[in-house]
Structures are given as structure tokens and as C-alpha cells.
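In what follows, chains are A, B, ... by sequence order, proteins preceding strands, each numbered from 1.
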Amino acid sequence: MPPKKRSRVGGKAGSSGEDGQHKSSSVAGKKRKSEESSPDPPQYARWLMKSEPESRFENGIDVKFGIEDLKALPEQTSCWDGVRNYQARNFMRQMKEGQLAFFYHSNCKEPGIAGLMKIVKEAYVDHTQFDKKDVHYDASSKPDNPKWSMVDVQYQRMMKRFLPLSELKSLHLQHRAEGGPLKDVALFTRARLSVQPLTAEEFDFILSLEDEEPL
DNA sequence: GCCAACGTTGGC
DNA sequence: GCCAACGTTGGC
């Protein structure tokens, strides 16, 4: 889930092409409009990206990468490598320079939204897929047709207060029952996705929570 | 550490 | 192309 380390900007630009396809559901000959398909995916402009702020060793490598680690890098910028899920990858490929993303701390003592970052480089090839030493090496991906992409992100700021998952969850449940902006938020409806889109309404509502008293 | 949810893989 | 087995995510 978490992406991880790596210092600042990584390789060269370019995004690799193609997209894999992932769900299908399409009928032969017919087009399936609503969602899915690559032609025109809904346009999202705000994101939530998960990473683990506490040490955890995978194949002997520490995958820890919290918001403080991002902040400490040169230019407070890092590539977001290691995403190995097609939906998460496809969302990264939709990201545009300048868009904002919440930095979410997962798999830790206190999960929740820690801060804000900005997309500073659009999707390009994640080089770690070819690195046998890397935790996220993917033997099935070939350099002439890379499977995985990453973006570069830059630290913007910490939230004025940490927004715990527990609080977001009670709001989600409340909104689901009575209506409200977090009714369908991906954090709970697509819990395992490490890169998620947020509607403007969801994003703005979550941002407004930092000025509220903790629940 | 447990385990539910869900994505991926591979046999058929 | 189905679906059971398996692997991963991530809260608790």
C-alpha cells in the first residue's frame, strides 16, 4: 500500500502509455458509457493517498514513509512509487499537476489524514517495478511495456489538527444514515484502495474539519 | 496478531 | 470465462 521511499524526483518524464484494463464489463460491440472504460473517466481533481508512517519490514526492507519523511526530503518532494493495484494506478494516471491530495497514514497506531500534498509531476514509469531489490519488484512487467506508474508529490502542509479515521468514520456513518458529504466517500466504500479520488464536496468538507473541534 | 474484505491467479 | 484458492490490505 504504501508507496515509499525514494528521494525526490525520480526518473524522466513520459508516461507510459496504455492502460491496462481492469475491469471489464463491456459488451462486445457496445459501448458502455457510464463509468469505467478509459475514454472519459469522471474527472476527479482531489485525491487521498495512503502510506505507512510506522516501520514495517517487508523482505527485510522498511516500508515506513510518513508525512514527516516526505517533508524531510529535498524540495519536500518524492515519487509515489510502489503502487501495485490497477485501480490505484489508473487514478494516479488521471492526476494533473497542481492538484491536491490528502496524505493518509495507514496501518499504524492512529490512522487518519495527516496533511496535504500537491501533485508536482504527472504519471510516469515507476522504475521500482524493474528493480529486483525493490520490495515492489514485478517480474511480470517488462521495460518495453511497463505496467506501473507513479507521480511525484510535494509536501504542502500538515492539517491544522490530525483527522483520525475514527472521526471520519463516524461522520461517514452519520452521513450515510442522514445524508451528508461523506456518505459515499471512498475511504470507507473502497477501503483497500491506496489511491482514491474525492469529489470537491468531500474534499472541502474534510478540509473544513480541521477548524472544528475533534469529535 | 487476527481476520474480513476483496483483488489476483490459475486450473479447468 | 468461471470460480476456488490464495495473497494483500489495513482496521482493530
Rounded to whole Å, CZ of R192(A) lies from C1' of dG7(B) at a distance of 6 Å
Separation of dG7(C) atom C1' from R84(A) atom CZ, nearest Å, is 16 Å
- Any side-chain N or O of Y104(A) under 4.0 Å from OP1/OP2 of dG11(C)? yes
Rounding to 0.5 Å, atoms CG (L182(A)) and CG (L187(A)) come to a distance of 9.0 Å
- Message: Check for me whether the distance between the ring centres of W148(A) and Y86(A) falls short of 6.0 Å.
- Response: yes
Separation of dC6(B) atom C1' from Q196(A) atom CD, nearest Å, is 14 Å
Here the distance between atom C1' of dA4(B) and atom CZ of R190(A), to the nearest Å, is 16 Å
Query raised in the report: Less than 4.0 Å between a side-chain N and a carboxylate O, is that true for E58(A) and R56(A)?
Result: yes
Whole-Å distance, R89(A) CZ to dT8(B) P, equals 10 Å
Handout entry: K50(A) side-chain N/O to dT9(C) phosphate OP1/OP2 under 4.0 Å
Key = no
Comparing T189(A) with K147(A), nearest DNA chain B nucleotide closer to 5' gives the residue T189(A)
From CG of N85(A) across to C1' of dT9(C) the rounded distance in Å is 10 Å
Out of dT8(B), dG11(C), dG7(B), minimum distance to the side chain of Y86(A) belongs to dT8(B)
Heavy-atom nearest nucleotide on DNA chain B taken for A191(A) and for S140(A); more 5' hit belongs to A191(A)
Verify same cluster id: L73(A), M49(A) (apolar side-chain graph, 4.5 Å):
yes
Rounded to whole Å, CD of Q87(A) lies from C1' of dT8(C) at a distance of 15 Å
In whole angstroms, the gap separating P of dG7(C) from CD of E58(A) amounts to 14 Å
Stepwise salt bridge (Lys or Arg N to Asp or Glu O under 4.0 Å) check, R84(A) with D126(A) = CA-CA 10 Å; R84(A) 297 292 181 268; D126(A) 177 349; 2.9 Å; yes
*asked:* So K169(A), base contact, sugar-phosphate only, or nothing? Heavy-atom distance under 4.0 Å.
replied: sugar-phosphate
